[in-house]
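Keep in mind the model is a prediction, meaning the values are calculated, not measured.
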Amino acid sequence: MDVLAGLNQQQLQAVTAEDKHVLVVAGAGSGKTKVLVSRAAWLINQAGVAPREIMAVTFTNKAAREMMDRLNLLAGVDCRYMWIGTFHALCARLLRIEGDQFRLGKTFVIYDDGDSKALIKKCLQELGVDTDDKRFSPAAVLGVISDAKNKLITAEEYAASAESQYERTMGRLFLLYQQRLTQNQAVDFDDLLGETVSLLRQNQQIRNKYRLRFRHILVDEYQDTNHSQYQFIKLLVGDEGHLLAVGDPDQSIYRWRGADIGNILDFAADYPDCREIKLTQNYRSTQNILSVANKVIANNKNRFPKDLFSQGEAGEKVFFHHAETDRDEAHFVIGAIADLQRQGVALADCAVLYRTHGQSRLFEEECAKYNLPYRVFGGMKFYERKEIKDTLAYLRLIENPADNEALQRIYNEPRRGIGKATWEKVNQLAASRQISAYRLLTEAADLPEQFNAAARNKLASLMSLLDSLRGFARENSSVAQLIKEVWQRSGYYRMVQEDKDAVERLDILEQLYDTASDFDQEYQETLPFLPMEDMEFATPLQGFLSRLALATDLDEQGMDGGYVALMTLHAAKGLEFPAVFLVGMEEGVLPHKRAVYSVEEGDMEEERRLCYVGMTRARRRLCLSAAARRLYWGNYEYNGISRFVKEIPQELLAKSGIADRRSVIESRAAHRPQPTGNLFAPRTTPMPAAKPAEKAAITVGDKVKHNKFGEGVVVAASGSGDDCQLSVAFPNMGIKKLMWKYAPLTKLTD
Ligand code: ATP
Ligand code: MG
């Protein structure tokens, strides 16, 4: 197949450029990612470049897989020899391959966000930091550490330059956290980049090896690279390499994570022999959608103006619906999706995009009411489930016994009678001898003064369990088999089977088992073909652990399942959907409260870019929506319509719902507004039958009526059945704690 077929003139120039470096700056949907893939195919098929000489950096693992598939299809490229992946995955690979030269060796473990926060919590305790102080919440501390790491500032450097009391405490935390990571032979996500950069900087031999190898480096979404990623690329390109970077400054949305828009703006200065190419034709969206997106982003002062045109049809008008409440908004949106489905639109072609994770709940509830399959991306990840984390802790210990955090997780899971006090003693002794907790277990039998006979027995049996599993792993290469052994020998499976939520939990275990079986098969198929130089794993178990540590929920399944995708704007970057519902278009939601109250203009501009990213995901239909009042911590907040909606020339919008805040009261009479524009056919789906107010089903967010206190909203619920206890916020009475079963409460269905 001709890899150049169908490309426009500008795209063609970028794909076939013979210049040393190429920068493609272009708006959303103009084919940047397509250029990147075609370039790789062209280099291999027509420029005589070997696949092994190309490294392509994508923004998600899913994008990496798609690129491999497309290369395979487009040019018959065998991608096993190419390095394609996210920054994190590529760095992890390099560190493993060069394990002999890396300070933590080949078998280091990768801590995900949850692991890192758990470790920070321990550090906070150890240093006696007041955790009620919000500045020292694990998330806040990790944020500061991550920020420093992205700038390639080490713990020592941070601590040495600390000036205020706050910074000194943070410095001590940073140092301790780093020390603990090293003891556990672990790296966090940011370390993957930081450690790779420092290895490349310090070790000339390794640097040269990769510079010689990767003659062509291709980077997608360059506008969102942070300093460490920028350095990684710079070090690899060197004097001889070729770089193709594509990006859109208007879509830079990771400033809060250290992304530096300057990297794209200064490209020509960094890489002097460069050719800059602009793409102006948008292939994704209708002209109406583009006009709206262009109008909004034009209000950012700090940008290079560029307008995109679409040669496609004008399409339907962009729709704006103003609902009375957040619940009404969700009801309207999901109802509209149900209508689209009945008109023949696939559910997988519809996406609901929102600013913050918390907004997903109402849409989930409405999907459930309409019986529409849906998937939330970026909520609780599959891999964050307790069952998965526990099993992985066993696997991590088998791989790397120094991993104290893993041992901490499972020393008594399932219960084996090792009490907290005993375990603390193990940790203390291990710390004082500067050995791992695992090592101490091997010695516990000889410490009768420290542990009584019963404790010694239990510690010994934990030890022999782990040893027997390590023995099994040495002799069997199947990860799936190993997982089964772990569950059986430890009694974990039995424990889950006996749990009251057994059905759901066993399902999770089964999914993990299937993931491992898939991995086993893939491993057997690729292993014999991998070139020696790319052998990153000594064992399949290492490969499996690495894969899972770097997985995100966006990677779990293709988007092509039959479900509506619910996701944040950040997660939607680079994707496209025929129908997009951009919800919560309100001041304080999008733009986010923080930006509304911020004095820094840059904060608002980043919100506007987010809005632009959201709008430009849409191919044929775009619906914006807002609610006049929104429940927030049990109280209604009244938000005005987002300034971004107001920035759209109103003749470009088809509107429905209430017009503005003043008419909220009037509109109450005309409950449940119907769409009137030309985007959706008049609703024909009957409203879902209201559920009878049975006492069994009540959740946070539900509205209730009390005989004495009047109407209120459930803000917390605990227990179930007869014991279900609710905290209900009543506008004039404050929050009351009530028993659902016995209080004179009825649920209001809206
Ligand atoms: P984003 O900024 O959102 O990442 P992008 O610039 O990377 O967008 P692509 O995702 O590469 O854009 O392309 C957008 C859509 O346009 C895709 O569906 C792609 O297949 C299509 N497309 C790109 N170029 C062409 C072309 N020359 N002919 C036909 N379709 C094209
Ligand atoms: Mg793209």
Side-chain angles (χ1 to χ4, degrees), residues 1-4 15-16 22 33-101 106 192 196 199-200 205-220 232-233 235-238 240-246 518-540 542-544 546-547 550 555:
M1 196 196 275
D2 181 2
V3 297
L4 303 179
V15 169
T16 59
V22 182
T33 304
K34 189 180 172 87
V35 160
L36 201 91
V37 176
S38 308
R39 169 89 172 168
W42 181 82
L43 285 171
I44 294 166
N45 275 10
Q46 323 218 333
V49 176
R52 67 177 289 282
E53 295 173 317
I54 300 175
M55 172 187 275
V57 188
T58 55
F59 210 70
T60 58
N61 297 320
K62 182 168 177 284
R65 259 202 313 277
E66 271 173 16
M67 191 183 284
M68 288 189 224
D69 292 345
R70 272 161 80 180
L71 277 175
N72 206 307
L73 207 74
L74 203 65
V77 175
D78 182 348
C79 296
R80 276 188 296 239
Y81 298 89
M82 249 178 96
W83 277 34
I84 306 180
T86 61
F87 277 107
H88 290 116
L90 294 171
C91 287
R93 189 167 184 183
L94 192 147
L95 288 177
R96 287 239 200 258
I97 293 175
E98 304 305 332
D100 296 341
Q101 311 280 336
K106 242 180 165 37
L192 286 171
T196 309
L199 189 65
L200 288 172
Q205 203 189 347
I206 294 183
R207 190 168 65 238
N208 283 343
K209 172 178 159 187
Y210 288 96
R211 280 187 180 173
L212 274 175
R213 170 165 180 177
F214 296 120
R215 287 171 51 210
H216 288 271
I217 296 182
L218 319 173
V219 187
D220 201 359
F232 172 68
I233 296 295
L235 279 162
L236 284 181
V237 173
E240 304 293 326
H242 300 268
L243 173 62
L244 169 90
V246 308
D518 285 348
F519 178 84
D520 282 340
Q521 196 182 349
E522 197 184 314
Y523 199 81
Q524 270 155 21
E525 282 166 9
T526 52
L527 187 66
F529 304 101
L530 262 186
M532 273 312 283
E533 61 184 345
D534 282 351
M535 282 292 182
E536 54 189 305
F537 304 118
T539 64
Q542 274 176 12
F544 184 69
S546 213
R547 163 96 54 103
L550 293 170
D555 309 320

> Do side-chain atoms of R52 reach the backbone of M82 as a donor and acceptor pair under 3.5 angstrom?
Replying inline: no
> Does L218 reach the side chain of V57, with side-chain heavy atoms less than 4.5 Å apart?
Replying inline: no
> Are side-chain heavy atoms of I97 and Y210 found at a separation under 4.5 Å?
Replying inline: yes
>> So V246 and R39, do their side chains get closer than 4.5 Å, heavy atoms only?
In response: no
>> Distance check, rounded to the nearest 0.5 Å: M67 atom CE versus R70 atom CZ?
In response: 8.0 Å
> About how many Å separate CG of D520 and CZ of F544, when rounded to the nearest 0.5 Å?
Replying inline: 8.0 Å
>> Is there a side-chain contact between V219 and F87 in this structure, where contact means two heavy atoms from C-beta onward sitting under 4.5 Å apart?
In response: yes
> Say you draw a straight line from CG of L243 to CZ of F214; how long is it, rounded to the nearest 0.5 Å?
Replying inline: 13.5 Å
> Which heavy-atom pair separates L200 from R207 by the least distance, and what is that distance?
Replying inline: O-NH1, 2.9 Å
> What are the two closest non-hydrogen atoms of T58 and A63, and how far apart are they?
Replying inline: CB-CB, 3.9 Å
>> Using the rule given for side-chain contact (heavy atoms from CB on, under 4.5 Å), can you reason through V15 versus V3, listing the C-alpha separation, both sets of side-chain angles and the distance that settles it, and then say yes or no?
In response: CA-CA 10 Å; V15 169; V3 297; 5.9 Å; no
>> So, using ring-ring contact (aromatic ring centres under 6.0 Å, His included) as the criterion, who are the partners of W42 when residues are at least two apart?
In response: none
> What are the two closest non-hydrogen atoms of A64 and G85, and how far apart are they?
Replying inline: CB-CA, 3.8 Å
>> Can you give me the closest heavy-atom contact between A40 and L71, atom names plus distance?
In response: CB-CD2, 3.9 Å
> Okay, side chain of R215, backbone of E240: is any donor-acceptor separation there less than 3.5 Å?
Replying inline: no
> Can you tell me how far NE2 of H88 sits from CG of L550, rounded to the nearest 0.5 angstrom?
Replying inline: 8.0 Å
>> I need the I84 CD1 to D220 CG distance, nearest 0.5 Å.
In response: 12.0 Å
> So, for C91 and F232, which heavy atoms are closest and what is the spacing to 0.1 Å?
Replying inline: SG-CE1, 3.8 Å
> When rounded to the nearest 0.5 angstrom, what distance separates CG in L90 from CG in L236?
Replying inline: 9.5 Å
> For the side chain of Q101 and the backbone of E98, is there at least one donor-acceptor N/O pair under 3.5 Å apart?
Replying inline: no
